[in-house]
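Data block below; observations after.
Convention: sequence-line order gives letters A, B, ...; per-chain numbering from 1.
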There are 2 protein chains.
Amino acid sequence: MTTSCEKCPLRKIDFFDDMTKDEVEKTQRFKAGELTVDAGTPILMEGSNAPQVYTALRGMGLRYKLLPDGNRQVINFIFPGDFIGLQAGMMGEMGHSVEATTNMTLCVFDRSDFFEFFKSSSDRAFDITWIAATEEHFLGDSLTNIGQRDAISSVAWALVMLFRRADALNMVHNDEMPLPFKQQDLADALGLSLVHTNKTLARLRSRQLAAWADGKLTVHDLGELAQVAGIELEEMKKRPLI
Amino acid sequence: MTTSCEKCPLRKIDFFDDMTKDEVEKTQRFKAGELTVDAGTPILMEGSNAPQVYTALRGMGLRYKLLPDGNRQVINFIFPGDFIGLQAGMMGEMGHSVEATTNMTLCVFDRSDFFEFFKSSSDRAFDITWIAATEEHFLGDSLTNIGQRDAISSVAWALVMLFRRADALNMVHNDEMPLPFKQQDLADALGLSLVHTNKTLARLRSRQLAAWADGKLTVHDLGELAQVAGIELEEMKKRPLI
DNA sequence: CGAGGGTTTGATGATAGTCAAAGTGAGTGG
DNA sequence: CCACTCACTTTGACTATCATCAAACCCTCG
């Protein structure tokens, strides 16, 4: 009872590029099945030679790296539509782990078919590369954030990014989006301690800039939050869907 | 008097994938010319819609982002063989700036030919995507470094990365590699202040782990340095050349 | 010889980390 | 239905790492 690409709910979202009938069909043929996992389930392990790659269809998750000393760096947060396992697909080995934060449904593609799919159309190959380049762009921004901003700006930046992403996916209603992560996850994403992250969130809350509680993030004026983050909001570009 | 791809000195280095005669020819046809720039010259600007993409042929440089407040984040250091401008090629806009640190020679490719080149062979398209995925992998590591390691480990990590990269390019002789950057560049790469970076380098020097002076980095025992960094050394994989 | 870019060093202070404990709410079992 | 546990959040007190400020030093260059 899997979702056919034909009826994929993500494709209806304006944030994603339109696909030709042919592209939809090719993708459908490439799709090996669907994977449904519970919250907390590991999906890909760093260093593993994953036999499959995925597209997040429903639910949220996170990518992270573990250090020998037990520290964890959260690389980023996974939203519906995200392509997962590009590194495994290209290089045969993941540079980070991926796990589900909520229940998730993933479209499954066999890595053995990946190169075939890549070859099948240079437009689709271009899409995959586009995604990789975009990811690189985002990681550069993250690096800049962790490296150069102090805690309050850094947290504000992260919340702006999350909120805009959610907005693009029509997940914002009444200035509120679902944010089913733990403060520890955000702390690990920003390279801050849990305690300091908590206190920083409290400051943003008392300044009426952003309130995150019970798995929901509320932002009334994204512009003000962006100002604290020290960024100006740009138009979000449409992205391809695999 | 440009270097022909046929005689490209980089291709002789074992670190790079072999290329078929056909690939060499295709690349040659794609190559629009050569650019020679002096140390300190900006090559690409963040946000610009660059009409060209490059491969570093000789010399070193760096990628960086500037923040409104004047802070700078160095994204990474550019070595010979690095492909520059992927984001511009794919998305039409750079997410960071690039500038030459030493005199540099760059192979120039017209962006307008880029898609053509991409289409010309799915193997070459795959190479480009591979590079993007590798870059993403590295940025994840950098993020982890800045986010989770303290100053001494962080600096050690960076020096290990630089040294291994140089070694792969046969730039290491007598435990010594050229490192023509300023301490400020490293500081900006690691999100540390110049002063603290300087003192941390002094600590590594006094512990006999790494000595960087006069544009040369000397490391006698990379294993020990890696230990301070908290990483284990892995085999370097060959990479494609564009 | 003076200027300027880069490096080095010392002193001081603030931001963020660590430690510890209490609060909150959901879920479980007696 | 009331403890009790467990996971997460919140708060306070203390500490340390790292940033900032300032000045000296070293070289090269004109």
Nucleotides 10-26 of chain D: protein proximity per nucleotide (B base, S sugar-phosphate only, - neither; heavy atom, under 4.0 Å):
BBBB----BSBB-----
Value in whole Å for how far the P atom of C:dG25 lies from CG of A:Asp214:
9 Å
Under the side-chain contact (heavy atoms from CB on, under 4.5 Å) rule, collect the residues that match up with A:Met91, sequence neighbours excluded.
A:Gln87, B:Trp130, B:Ala133, B:Thr134, B:His137
So, using side-chain hydrogen bond (donor to acceptor under 3.5 Å, both in side chains) as the criterion, who are the partners of A:Asp150 when residues are at least two apart?
A:Ser153
Rounded to whole angstroms, how far apart are CD on A:Gln184 and P on C:dG17?
11 Å
A:Lys182 NZ to D:dT9 P, straight-line distance once rounded to whole Å:
8 Å
Please list, chain by chain and in numerical order, all residues satisfying side-chain hydrogen bond (donor to acceptor under 3.5 Å, both in side chains) with A:Asp82, sequence neighbours excluded.
A:Arg165
In whole angstrom, give the distance that lies between atom CG of B:Leu186 and atom P of C:dT7.
10 Å
For residues 199-213 of chain B, which side-chain donor-acceptor pairs fall under 3.5 Å, sequence neighbours excluded?
unit_1	atom_1	unit_2	atom_2	d
B:Thr200	OG1	B:His196	O	2.7
B:Ser206	OG	B:Arg203	O	3.0
B:Trp212	NE1	B:Leu179	O	3.2

Output all residues satisfying side-chain contact (heavy atoms from CB on, under 4.5 Å) with B:Ile13, sequence neighbours left out; order by chain, then residue number.
B:Leu10, B:Phe15, B:Phe16, B:Leu169, B:Asn170
Could you state the interatomic distance from NZ (A:Lys65) to CG (B:Asn145), rounded to the nearest 0.5 Å?
10.5 Å
